[in-house]
Each structure stands twice: as structure tokens, then as C-alpha cells.
Amino acid sequence: MKRKFKIGNENLDFEMTNKTIFDIDERFDNFGDVINGVMYGKNLYNNALKVMVCSCISKRVDADGNENPLTIDELKEKLTPDKVMNGIIPLATDLYFDYRGIKRSSETKNNANENTEEESKKK
């Protein structure tokens, strides 16, 4: 599932895929350490940034037509304090849950409510 997240003036798309797992493993030495850090709060913010950088699927092109991948330093500069404190951790965990096919209980409840509303409309 693609997730949108605004960084600076850009609305970027993020999605965790098999490629993301291997990218994190290659760039940061161990995917397991990174994802466990996000899930269990070890080096939490830095690990969330690692997940975000490797999960960004938006094609970003500079003025010369060269591809400009998202970097951790760019995230550190452009994220607002609110996004750092309230945005990057939920995004990183949601990306992982989406990849694994896990729905959070709030999502399950929302889906159940939507289904009930749709059934009521049909009657």
C-alpha cells in the first residue's frame, strides 16, 4: 500500500517492498536491527528515517534531469518538529505493517464500520 507523506513542499509516496528490505540490509548492514529498532524503540528516530529513505518510491528529478533520491540528511533538514515527533514513527511502522499484511486494530475497526455502513445503505 502506498502512503503519502509531505516533506517540505513535496508530497512523496512511500511503500515497503522486497526491494526495500534488501536496500535497508545493504545500506545499513542489517534490516532486522533497523526494523526492531523501530518496533521496540532502539535508536527509534534514526531507524525510522532509514526505513523512510529506502521506502521512498517517488521519482524526484533535479533541474538537470538527474534523479535525486531522498537522503537522511534532507529529511533531517526539511522535517518540521511536529513531523519528527508525530509523523515519522507511525509512517515507518505503518509501512512495515502494510508490507507484512498486518492491520492495526483501529484500521480493522474502521473497515468494520465502513462495511456496516455500506450494508445499511444497501437495505
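Below, all heavy atoms of this structure are taken into account, side chains as well, without hydrogens, waters or symmetry copies.
- Residues satisfying the salt bridge (Lys or Arg N to Asp or Glu O under 4.0 Å) test with Asp13, not counting sequence neighbours, are Lys4.
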Show which side-chain atoms of residues 42-49 pair as donor or acceptor with protein atoms under 3.5 Å away, not counting sequence neighbours.
from, atom 1, to, atom 2, distance (Å)
Asn43, OD1, Asn46, ND2, 3.0
Asn47, ND2, Lys42, O, 2.8
Asn47, ND2, Asn43, O, 3.2

Return all side-chain donor-acceptor pairs below 3.5 angstrom for residues 64-71, not counting sequence neighbours, or 'none' if the list is empty.
from, atom 1, to, atom 2, distance (Å)
Thr71, OG1, Glu74, N, 3.0

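- Considering only heavy atoms from C-beta on, Leu91 comes within 4.5 Å of Phe14 through its side chain.
- A continuous path of ILVMFWY side-chain contacts below 4.5 Å connects Ile72 to Ile7, so both sit in one hydrophobic cluster.
- Remark: Glu10 pairs with Arg60 by the side chain to side chain donor-acceptor pair (under 3.5 Å) rule, at least two apart or across chains.
- Residue Ser55 holds its OG atom at 13.5 Å from NZ of Lys50, rounded to the nearest 0.5 Å.
- Side-chain contact check for Arg3 versus Asp98: some heavy-atom pair is nearer than 4.5 Å.
- Applying the side chain to side chain donor-acceptor pair (under 3.5 Å) test to Lys59 and every residue at least two apart in sequence or in another chain returns nothing.
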Return a table of donor-acceptor pairs under 3.5 angstrom between the side chains of residues 26-40 and protein atoms on other chains or two or more places apart.
from, atom 1, to, atom 2, distance (Å)
Asn30, OD1, Gly32, N, 2.8
Asn30, OD1, Asp33, N, 3.2
Asn36, ND2, Gly32, O, 3.2

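- Annotation: side chain to side chain donor-acceptor pair (under 3.5 Å) contacts of Asn11 (sequence neighbours excluded): none.
- Residues forming a side-chain contact (heavy atoms from CB on, under 4.5 Å) with Tyr99 (at least two apart in sequence, or on another chain): Met16, Asn18, Ile21.
- Between Thr20 and Tyr96 there is no side-chain heavy-atom pair separated by less than 4.5 Å.
- Hydrophobic clustering, with ILVMFWY side chains joined whenever heavy atoms are under 4.5 angstrom apart, groups Ile89 together with Met85.
- Under the rule for a side chain to side chain donor-acceptor pair (under 3.5 Å), the partners of Lys19 that lie at least two apart in sequence or sit in another chain are Asp23.
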| request: Assess whether side-chain contact (heavy atoms from CB on, under 4.5 Å) is satisfied between Leu12 and Lys6, documenting all intermediate values. | output: CA-CA 6 Å; Leu12 300 176; Lys6 188 169 185 171; over 6 Å; no
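- To the nearest 0.5 Å, the span separating NZ on Lys78 from OG1 on Thr80 amounts to 13.0 Å.
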